[in-house]
Structures are given as C-alpha cells and as structure tokens.
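For reference, the structure discussed in these notes is given below.
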Amino acid sequence: PVQERMFVYLNKKIAVPNNVRVRCISWNTEEGWIACGGDGGLLKVLKVEPMSSKESTQTKGTMITTLQDLEGHDNVNILVAIWNEVHRKLTTSDSAGVIIVWQLFRGSWSEEMINDRHKSIVADMKWTSDGQKICIVYEDGGIIIGKVDGTRIWGKDLVRTNLRLVEWAPDARHILFVTDTAEVHVYDHSGTLISQLP
C-alpha cells in the first residue's frame, strides 16, 4: 500500500511598526536568535525555539519566546547586523557609522561596546569562525581588525577604493575584500596584500 504524506509550511510574521523599511536581518543558528534592523533605529532581537509535543519527540513548530527592542542607534538606519555565535554577541552598525556590540546579560541584550569612526559608513563586518576576531570594512576603504575584547589588531586605508564585502577564510589566515567594482583583494591575517583579482 502507498502511504501519502502531507507536509505543511507555516511562517510567523514579526510586526514592524509603521511599515518601517527593514535593511538587514541575521540569524544566530546556534541558539535561534534573530536580529532585524531597519530605518529610524529599528533594531529587534527575538528568539525562535522549537515547540515539542508532550506525546512525542517530534517537533511540532516554533514559537517566539523573547522579543526585545534594542535602543542605542538613535534615529538612524541600521545597515549591518552579524552574530558572534561563539561568544554570544551581536554586532550592529548604522548609517552614521556607529558600531555597537551587544551582549546577553541576565536574559536581556545590552550594549557592551560602542565604536564611532566619525568618517564613513560600515559596508560589512564578519567574525572569524572561532569568534576571536572581527573585520570591519568601511565604504571609503577603511579596514579595522579587532579582537573579541575590543582590542584593535590592525587597521588600513585602501586609498581610492570603495569596499562592499568582507569574508574570512575558514582558518582565519586570509581575508577577502570585495570592492564596488567587483575586484577581490586577498590579504593575510596581518594585513599584507597577497593578490588582487580583477
């Protein structure tokens, strides 16, 4: 006999006040946290957890167990949000160039560190896979590499280069930078240019 199965997909809608434009979203896959950033300083963090049936061990869906509005980016647009899953931190940046590192403390997200370069907007940020270092790239070609404790490792300005994206190698020994003209620059972890791909 043929058994028929039906699969059902459900989604959850998160209310965004006054139709505010959402500009970034990031999911902490280890613990189920989702950060959502948008215009006017909108920054929400929520936790999605599986619901289990008492009668079986199968997952029956998900539920939002925590929803918190984070305040710190004053009436500006949140452009980038990334997770450091190893150290349970959220890093966000806004259209004024301010970067905030958030930490979970006693069940609530709070500011741990604030950085304002006062010069350019953050184009992208990435943590290494071990969560020990962050690379921040600015639209004007500025690069900052720092440690999880906030210590700066090195910085560099790529003159006449507009940066858009950054990515660490899995072993954190190399860093890729992508420009707005689709050039890829490969650097080692200490800031030495290795190669450039047109």
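Only a predicted model underlies this, so the values are computations on that prediction, with no experimental measurement involved. When a residue number appears, it is its place in the shown sequence, counting from 1.
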Only counting residues at least two apart or in another chain, list the ones meeting side-chain hydrogen bond (donor to acceptor under 3.5 Å, both in side chains) with Thr151. Asp149

Donor-acceptor pairs are to be reported for all side-chain atoms of residues 163-173 against protein atoms at under 3.5 Å, with residues two or more places apart or in another chain.
residue	atom	partner	partner atom	Å
Trp168	NE1	Lys126	O	3.0
Asp171	OD1	Arg173	N	3.0

Hey, does [Y] have a side-chain heavy atom less than 4.5 Å from the side chain of [X]?
{"X": "Ile143", "Y": "Asp157", "value": "no"}
{"X": "Phe177", "Y": "Val186", "value": "no"}
{"X": "Asn162", "Y": "Thr179", "value": "no"}
{"X": "Asn115", "Y": "Val98", "value": "no"}
{"X": "Val178", "Y": "Glu183", "value": "no"}
{"X": "Ile145", "Y": "Ile175", "value": "yes"}

Would you check if the side chain of [X] reaches a backbone N or O of [Y] as a donor-acceptor pair within less than 3.5 Å?
{"X": "Ser93", "Y": "Gly97", "answer": "no"}
{"X": "Lys44", "Y": "Leu70", "answer": "no"}
{"X": "Asp140", "Y": "Gly142", "answer": "yes"}

Path from [X] to [Y] over hydrophobic side-chain contacts below 4.5 Å:
{"X": "Trp154", "Y": "Leu158", "result": "yes"}
{"X": "Met113", "Y": "Leu104", "result": "no"}
{"X": "Val45", "Y": "Leu42", "result": "no"}
{"X": "Val80", "Y": "Ile121", "result": "yes"}
{"X": "Ile34", "Y": "Leu67", "result": "yes"}

Side chains of [Y] and [X]: any donor to acceptor distance under 3.5 Å?
{"X": "Thr91", "Y": "Trp127", "result": "yes"}
{"X": "His87", "Y": "Gln132", "result": "yes"}
{"X": "His73", "Y": "Thr92", "result": "yes"}
{"X": "Ser108", "Y": "Gln68", "result": "yes"}

Can you list the residues that meet the salt bridge (Lys or Arg N to Asp or Glu O under 4.0 Å) rule with Glu85, with sequence neighbours excluded? none

In terms of heavy-atom contacts, Ala35 and Ala81 come closest through CB-CB, 4.3 Å

Going from [atom1] on [X] to [atom2] on [Y], what distance comes out if it is rounded to the nearest 0.5 angstrom?
{"X": "Leu79", "Y": "Met125", "atom1": "CG", "atom2": "CE", "value": "9.5 Å"}
{"X": "Lys133", "Y": "Asn84", "atom1": "NZ", "atom2": "CG", "value": "13.0 Å"}
{"X": "Lys89", "Y": "Ile82", "atom1": "NZ", "atom2": "CD1", "value": "12.5 Å"}
{"X": "Leu90", "Y": "Trp102", "atom1": "CG", "atom2": "CH2", "value": "8.0 Å"}
{"X": "Asp188", "Y": "Ile194", "atom1": "CG", "atom2": "CD1", "value": "4.5 Å"}
{"X": "Cys135", "Y": "Tyr187", "atom1": "SG", "atom2": "OH", "value": "11.0 Å"}

Could you tell me whether Trp83 and Trp27 have their ring centroids closer than 6.0 angstrom? no

Side chain to side chain contact (heavy atoms under 4.5 Å, CB included) test vs Asp94 passes for just one of Val122, Ile99, Val76, namely Val76

Apply the test side-chain contact (heavy atoms from CB on, under 4.5 Å) to residues Ile144 and Tyr138: give CA-CA distance (whole Å), side-chain angles for both, the deciding distance (0.1 Å), then the verdict. CA-CA 9 Å; Ile144 296 175; Tyr138 292 87; 3.9 Å; yes

Within 6.0 Å of CZ in Arg88, more than 12 heavy atoms from elsewhere: no

Short N-O contact, Arg21 and Asp39, less than 4.0 angstrom: no

